Amino acid sequence: MSEPRIMLTAMAINEALDIAMTIDPKVFLLGEDIAEPSGGVYKVTNGLSTKHGLHRVRKTPISEQAIIGAAIGAAIAGFRPVAEIMIMDFLAVCLDQVTNHAAKIRYMSGGQTTVPMVIRTSAGAGRGFGAQHSELLEAFAVHSPGMKVAVPSTPADAKGLLLTAIFDDDPVLFVEQMMMYWDKTYAGHVPEGDVRVPFGKAATRREGSDVTLISYGRQMYDCLAAADALAVDGVSCEVIDLRTLVPWDEAAVMASVGRTSRAVVVHEAVTRCGFGAELSSRIHEELFGQLSAPVQRVGGANTPVPYASNLEADFLPQVSDILLAVRRTQG
Amino acid sequence: MSEPRIMLTAMAINEALDIAMTIDPKVFLLGEDIAEPSGGVYKVTNGLSTKHGLHRVRKTPISEQAIIGAAIGAAIAGFRPVAEIMIMDFLAVCLDQVTNHAAKIRYMSGGQTTVPMVIRTSAGAGRGFGAQHSELLEAFAVHSPGMKVAVPSTPADAKGLLLTAIFDDDPVLFVEQMMMYWDKTYAGHVPEGDVRVPFGKAATRREGSDVTLISYGRQMYDCLAAADALAVDGVSCEVIDLRTLVPWDEAAVMASVGRTSRAVVVHEAVTRCGFGAELSSRIHEELFGQLSAPVQRVGGANTPVPYASNLEADFLPQVSDILLAVRRTQG
Amino acid sequence: MDDVERPDAPDRDTLLQMFEIQSRIKLCDERFRTMLMSGQIQLIYYSPRGQECISAGWGVHLRQDDYVVTIYRGLHDHLAKGVPLRELWAEFLGRATGTCKGKGGPMHITHPASGLMVTTGIVGAGIPIANGFGLAAQLNGTDQVTVVNFGDGASNIGAFHEGMNLAAVWKLPVVFVCQNNLYGEHTPMSMSTGVDYISERAAAYGMPGVTVDGNDPVATWRVMGDAVARARSGGGPTLVEARTYRFWGHLMGDAMEYMPKDERKAAMAADPVVLYRAWLINNGHATEAQLAEMEEVLTAAIDDAVEFAMNSPQPDASELYTDVFGDNNDAMLQGVSR
Amino acid sequence: MDDVERPDAPDRDTLLQMFEIQSRIKLCDERFRTMLMSGQIQLIYYSPRGQECISAGWGVHLRQDDYVVTIYRGLHDHLAKGVPLRELWAEFLGRATGTCKGKGGPMHITHPASGLMVTTGIVGAGIPIANGFGLAAQLNGTDQVTVVNFGDGASNIGAFHEGMNLAAVWKLPVVFVCQNNLYGEHTPMSMSTGVDYISERAAAYGMPGVTVDGNDPVATWRVMGDAVARARSGGGPTLVEARTYRFWGHLMGDAMEYMPKDERKAAMAADPVVLYRAWLINNGHATEAQLAEMEEVLTAAIDDAVEFAMNSPQPDASELYTDVFGDNNDAMLQGVSR
Ligand SMILES: Cc1ncc(C[n+]2csc(CCOP(=O)(O)OP(=O)(O)O)c2C)c(N)n1
Ligand SMILES: Cc1ncc(C[n+]2csc(CCOP(=O)(O)OP(=O)(O)O)c2C)c(N)n1
Ligand SMILES: [Mg+2]
Ligand SMILES: [Mg+2]
């Protein structure tokens, strides 16, 4: 057995991009500032243009519609573009290309043309960036039939899901929470080589019997922390990490909640009309009568993201919010 | 008592715009093709530029970002602009102005600047317009804190809610289902003058005791039709028309479902991550243990809107879908 | 087109090929309008009548493996790129035998076998996508050209700007064809656009820009040829503004109250297809009989396509749920109570 | 600025007023950077150092009731429009006493009392919004002018195009100030932009466009004056490209590996504020003592603002939920389990 290869999230993503470009000449990257000498504003694409050439790691103007449009056309024509939208809030300046085109083209063409592209985007509050650089907007894509959505929580998943996304024949929105890129807290073992993580398979991060915490991305760690705290009080939490939202692993969720009879869904996005509402609705629809308490939702506050660090921290779902939600399920 | 004034939806909207412009010089309209001689592609703004002048009924280039931006700036500077986005899917080309700016500016400025504007937009399938001209996207706005959202179902509400929206100090997304504009099926009495319908107050369109159908916009009529059909079988449906989604009338919904113990939520938008998920989640959260069946959701298929008329009809939530959903609650 | 011989004209085969494309469009359009007016068919229809020479002008320069992107008003472009009549008609009528199985409709015609890659209903949105096809050709090292069509109104939207700039910076093999019919829906260009000629906007990207009389088939042929040749040889993109007129307003049923009556009358009197036909005959490039026969053949083909489409079934109900994703469709569609 | 007298210079008061604005910016920026480097404060900081003369150039032409819109790199613009130092510092530090109660932060400074209306973090998005202020003035029949600032990179995004065209078509009293510092984040303008001069883009809208050396306060003053006067008198919008340089890269902490060392060294050696100061003295517009005193006063005011901000509390926790809507906040925030 080899030593674990501990990597940071940004490096794992970088490795996935490198592998994809190495094994398939049809993979290329485009986005703002992604090429050398800087290698991206978060250095996630560091070294890739030097290795694979500026024709395959393409710096663009600040033109998000042009970025996504070029990816769409190239994808239809047989490439596998990976477009970077620097920060998720900027999806709003190019949403037409994403939802009206990338997502719908397979359907509108009756299956003749496919759009195998990935939109990588960094997201999330906690950096003091304020209201326009901190949002999680995965619900927009989930509500747009035709888009797949992945939100990894570990470096291994970041790599494995990204490889799957790149070689998937549908457009994928790939959400990277920027707080995780270079923070050692989120480091983890990453298998070498072209190891893919399938879409639609949740990971059970902790087994438990009293309540199921369902989450994805960075908030999975808050769930684990809550589970630790609750274990002290004798409450046993199962923690399910969805990994992908379209498709999402209904079977795993229903099996777990079927056993525990209690569920709390946790995400960073604004709670109202967030993906948690979909999860909660589905669980109630499927497991009505088997639940001991209503499914609880824990998410971002129903407000824009504030700047002041104390407010920003309060905006984010807290471990304490999860504890309270779990308590509500114990009723 | 005066005779009822039966009007079509488009005329009621026109009247609201006329009244608002007449009583407040700060109200103006802007959008594509809204001025005379054509008076709008759906004739909703017919006659208004002739009466109020081209400076107040402003035709614009095909530049949705410029339209919403101009409305935002003028609103901050003291006007009450009513911007038209011709078809709701086009929100995707200007969503940045809507969600990152109109919605957030009050918050980001700490309450110093407000954005009293309305975005009127026509929406909906059923006209053979295909995948890019038929969507209901109200969930995007509901998920964007700072936006209010109204979706009228009757001509009286279309007028009364629009007047409220125009004189509200927050940005409002005002959704008009185009199938209703000129169709006599949807005609109804409209009170004369500046009669406003408050936000956040649902209307009970039919009283009943066995199950609550919760809807808004055109799908309210499908709920009524389903209620009629079910009455024959001895199932008594209460039909609640939300009228506004932000804010929405939790009190009315909880009171009704508290009584009936069964609920079906119905809307035209794609079901997955639609506003129905929010409604369903809230009802379960509040009324757990009092429900006889899980809340059922009936919405658009989780697909783009197809062109062929048979598929388009199937895409839309049908009365038969509501009937099935009600049956599931009777289980 | 004046009735004098043109030294700038292409060879006779090309002249006749252009006429064939124009006539195919004109006859198809006439059939659509007749059938719509008689109530035989019902659909939202954006007539391209009046704009035939533009698509014919680039059509004869393109190979099958070149790419075309167009808009809701796209019938002329679809036909110029060779989308087969039967499947095209069937798609317009929402039939299972259509190019897109009836799921896309007229605003979303796609037929990769002919190189007709994307038809979009969102003004301007095809422009950035066309760059992607250009980029694919550039990366593949082929000499394929992409032609993207859009209206005058589209030149005011953000996607136009972003797309033009990127094409210029990356020197993409794309020809941007602005079919300037002087109106965007009900709004005359002068009320919406800061310049008199859309081609002036090319300079903002360091791109060559040229305006041509889109009703003059010969002039249009030449300008399109230059632009296509530039793209094909690695010389980068061109913006071609071809000026023309919409005979039938924005869409069928348009009251056209915003179009000066005289203006429209004059435009229709100078019907470019009719004038071109006369010019071909009067200058000895074809005989009346020859062209009439061509038209007959086309009419027969349209008859056949109409019959094919009318006799085709609507898509099966199950098609609502297919083609949303490439794999595992059921799982992706999960989360529906209905 | 060369060290010779300038016949095109404004009066002495204006010259000194410009210097006062420039110095306020420069000293503020220096304080921010010192405090950031020493770890006294922590925030994402976009230094405007090097771009002072541009804001000063329009600053002296504007009245309090004129409107300004700017971007994340906006400190210089905020100060040129008169946003008070205390509230500005407090907002940058996220304090309850800030312009926006600490809820907006540096990227969203708003201070209507000074006419600083919107600061946006979305590239290009301020441009369409500025038109709204211009439209308000036009509809109100006032002669208020709106100045909107943005970078060279912003000229490639859709919102720029749509906003410029609408301003031209509606003849709005807006001055579009492109602060061209040659880079958008890590990308040199030449790699992203189809033209050499952003001002060339004005012609695409039929708008006057002019490029000026943004490091030359006198030339900038004159060009801004013409544009402001045109707007104020109903002559419509102007695009002013003021060329300059970012001394400290995109944001604090930027490794600047993508900026040629010599280029940056030369720009900093030609520090426009330093050169202007020398020019004022050498040409007798001010004495060293006078300017030193001005700087001392400014330094004291900055000391005071820093102290005020550092001693101010963070916003109360309840502020998370206020200002989302104007009324009935609780009901609007409904639907949360947490
Ligand atoms: C983004 C967007 N805004 C508005 C519309 C509605 N619309 C459809 S066609 C059209 C006019 C377009 O005019 P032009 O580009 O000149 O093309 P033409 O129809 O004249 O061929 C408009 C405004 C749309 N489809 N997309
Ligand atoms: C729509 C959008 N895309 C990308 C970004 C990320 N971003 C922030 S600043 C910037 C560079 C802008 O360059 P420029 O307009 O020249 O202004 P400068 O920073 O040089 O003052 C970019 C790409 C953004 N904020 N908004
Ligand atoms: Mg047109
Ligand atoms: Mg710059």
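Below, each value reflects all heavy atoms present in this structure, side chains not excepted, and no hydrogens, waters or symmetry copies. From a predicted model like this one, the values you see are computed outputs, not experimental measurements. All chains are named by letter (A, B, ...) in the order of the sequence lines, taking the proteins before the strands, and each is independently numbered beginning at 1.
For the atom pair CZ (B:F90) and CD1 (C:I157), the distance works out to 9.0 Å, reported to the nearest 0.5 Å. One distance of note links CZ of C:R33 with CE of C:M252; it measures 6.0 Å at 0.5 Å rounding.
Residue contact with chain B, scored on non-hydrogen atoms closer than 4.5 Å, is absent for C:D254. Of the two parts of B:L324, neither the backbone nor the side chain holds a non-hydrogen atom closer than 4.5 Å to a non-hydrogen atom of chain C. For C:T120, the parts lying under 4.5 angstrom from a heavy atom of chain B are both the backbone and the side chain. Neither the backbone nor the side chain of B:V264 has a heavy atom closer than 4.5 Å to any heavy atom of chain C. For a residue to count as touching a neighbouring chain, one of its non-hydrogen atoms must lie under 4.5 Å from one of that chain's; by this rule C:F92 touches chain B with the backbone only.
Chosen from C:G98, C:P106, C:C100, the residue pairing most often with chain B at heavy-atom distances under 4.5 Å is C:P106. Most heavy-atom pairs under 4.5 Å with chain B: of the set C:G184, C:P315, C:A317, C:G124, this distinction falls to C:P315. The candidate with the highest count of non-hydrogen atom pairs below 4.5 Å against chain C, out of B:E312, B:H133, B:E64, is B:H133.
Taking 4.5 Å as the limit, some side-chain heavy atom of B:L316 sits within range of a side-chain heavy atom of B:R218.
Between B:I62 and B:E32, the closest heavy-atom pair is CA-OE2, 3.4 Å.
Using modelled atom types, no side-chain atom of C:H250 and backbone atom of C:Y46 make a donor-acceptor pair closer than 3.5 Å. Panel note: side chain B:Q177, backbone B:A123; no donor-acceptor pair is recorded below 3.5 Å.
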